[in-house]
Amino acid sequence: MATTMKIQGIILAGGKSRRFGEDKAFAKWKGITLLEHAERILKKLYLESCIIINETQNYSFLKCRTEQDLIPGKGPLGGLYTACRIFENTSLLVLTCDMPEVTLESLLTLMSSHQVKNKITVFRHPEGFLQPFPGLYEPALSHTLFERMNKDQLSMIDFLESIPEKKVIATQNQKPFLNVNSKKELFQANSRLTGQWSEP
């Protein structure tokens, strides 16, 4: 990784958690919340964190910076747009708060592979599609993101496919990309970790 490249840690936590039934950022993983887990892994990389939230969330008790979506209701695309607009002079390492098995190794791979000219550095999921998060993004993408939101084209994968200047890293390990959309999925992930499958 080039020593001159500045990187800001971003955690997207603006989802409505409809399938989860409550704000999943506060669900527990390894004894801490999913949000704290994401923040801690960025701290291990000596990166400052900024959590992008929606207009209904209040994370004022957190020590790290929080910013509300500049354009509400646009999903991860809107959260990424917000980060690009706020941090205009640094590369963005973007995580979501619902990917508990993301590894330090996967983030280091992104950081060592990224160049500013790429605009985007992401993994290709073992099943063949581009994996939006974790990913490294350049703030120069803000105009393209705005145009897609304006047309209500909110698919992150379609957005990634539309950007020619990207670095794609092939991997056969899908574990870091697990995201939990329900309490059952989180329970199963915790059970794999502990080896205990009894109901909590």
Side-chain angles (χ1 to χ4, degrees), residues 7-21 23-25 34-35 38 49-57 59 65-99 102 106-107 109-111 113-171 174 176-182 185:
I7 299 178
Q8 168 70 41
I10 300 293
I11 304 169
L12 301 185
K16 298 187 183 299
S17 302
R18 290 190 183 94
R19 281 180 283 174
F20 204 84
D23 191 341
K24 59 185 171 183
L34 290 174
L35 191 57
S49 299
C50 178
I51 305 172
I52 308 297
I53 63 177
N54 66 45
E55 71 277 9
T56 65
Q57 294 165 306
Y59 296 160
R65 180 174 177 178
T66 62
E67 295 286 348
Q68 286 191 359
D69 282 321
L70 294 175
I71 304 177
K74 298 299 182 180
L77 210 72
L80 180 58
Y81 170 76
T82 299
C84 288
R85 287 294 307 275
I86 292 171
F87 300 100
E88 295 182 335
N89 299 304
T90 179
S91 302
L92 306 170
L93 179 58
V94 185
L95 314 181
T96 62
C97 70
D98 62 352
M99 300 180 75
V102 67
S106 63
L107 301 185
T109 298
L110 286 170
M111 293 167 68
S113 302
H114 185 68
Q115 298 181 52
V116 173
K117 67 179 182 180
N118 297 143
K119 289 192 178 178
I120 294 172
T121 298
V122 291
F123 290 101
R124 186 175 296 282
H125 192 279
E127 294 181 6
F129 57 86
L130 297 179
Q131 180 67 44
F133 307 113
L136 256 158
Y137 295 84
E138 290 300 320
L141 293 162
S142 63
H143 180 68
T144 303
L145 287 162
F146 180 80
E147 286 186 332
R148 294 188 75 86
M149 287 190 298
N150 200 39
K151 296 175 183 177
D152 218 30
Q153 297 173 347
L154 303 182
S155 166
M156 276 298 306
I157 293 178
D158 288 349
F159 165 68
L160 293 178
E161 294 285 4
S162 74
I163 303 298
E165 308 95 334
K166 58 180 174 280
K167 171 76 172 180
V168 178
I169 304 167
T171 180
Q174 61 182 357
F177 311 128
L178 167 77
N179 68 311
V180 291
N181 292 308
S182 68
E185 288 176 349

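Any value given below was found using the heavy atoms of this structure, including those in side chains, with hydrogens, waters and symmetry copies removed. Here the structure is a predicted model, which is why all the values come from computation and not from measurement.
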If I take atom CD from residue E67 and atom CD1 from residue I51, how far apart are they, to the nearest 0.5 angstrom?
11.0 Å
A side-chain contact here means heavy atoms from C-beta on lying under 4.5 Å apart; do R148 and S162 qualify?
yes
Would you name the heavy atoms of L12 and G79 that are closest together and state the gap between them?
CD2-C, 3.8 Å
Under a 4.5 Å cut-off applied to non-hydrogen side-chain atoms, are Q8 and I86 in contact?
no
According to the side-chain hydrogen bond (donor to acceptor under 3.5 Å, both in side chains) rule, which pairs have a member within residues 74-84, sequence neighbours left out?
K74-D152, Y81-R85
Closest approach of S106 and V102, non-hydrogen atoms and distance?
OG-CG2, 3.7 Å
Measuring from atom CG of L141 to atom CD1 of I163, what distance do you get when rounded to the nearest 0.5 angstrom?
5.5 Å
Tell me, which pairs form a salt bridge (Lys or Arg N to Asp or Glu O under 4.0 Å) where one or both residues lie in residues 118-147, sequence neighbours left out?
K119-E165
Looking at CG of L92 and CD1 of I120, how far apart are the two atoms once the value is rounded to the nearest 0.5 Å?
11.0 Å
Heavy-atom distance under 4.5 Å between the side chains of I7 and H114, does that happen here?
no
How many angstroms lie between atom CD of Q131 and atom CD1 of I157, to the nearest 0.5 angstrom?
7.5 Å
Keeping K167 on the side-chain end and Q115 on the backbone end, is there a donor-acceptor pair under 3.5 Å?
no
Please report the closest heavy-atom contact between L145 and L77, naming both atoms and the distance.
CD2-CD1, 3.6 Å
Of the non-hydrogen atoms in P134 and F123, which two are nearest, and what is the gap between them?
O-CD1, 4.4 Å
Any side-chain heavy atom of M149 within less than 4.5 Å of one from L154?
yes
Can you confirm whether L95 sits close enough to L107 that some side-chain heavy atom of one is under 4.5 Å from a side-chain heavy atom of the other?
yes
Among all residues two or more places apart in sequence or in another chain, which pass the side-chain hydrogen bond (donor to acceptor under 3.5 Å, both in side chains) test with T96?
D98
Any side-chain heavy-atom pair from P139 and T90 closer than 4.5 angstrom?
no
S91 side chain reached by V116 side chain, heavy atoms, under 4.5 Å:
yes
Do the ring planes of Y137 and F133 sit parallel (below 30°), tilted (30 to 60°) or perpendicular (above 60°)?
tilted
Straight-line distance of I10 CD1 to I52 CD1, nearest 0.5 Å:
5.0 Å
Go through it in stages, so that I can follow the logic: the residues are L80 and M156, the test is side chain to side chain contact (heavy atoms under 4.5 Å, CB included), and I'd like the CA-CA distance, side-chain angles, deciding distance and then a yes or no.
CA-CA 10 Å; L80 180 58; M156 276 298 306; 4.1 Å; yes
L160 side chain reached by F129 side chain, heavy atoms, under 4.5 Å
no
Separation between CD1 of I11 and SG of C97, rounded to the nearest 0.5 Å
8.0 Å
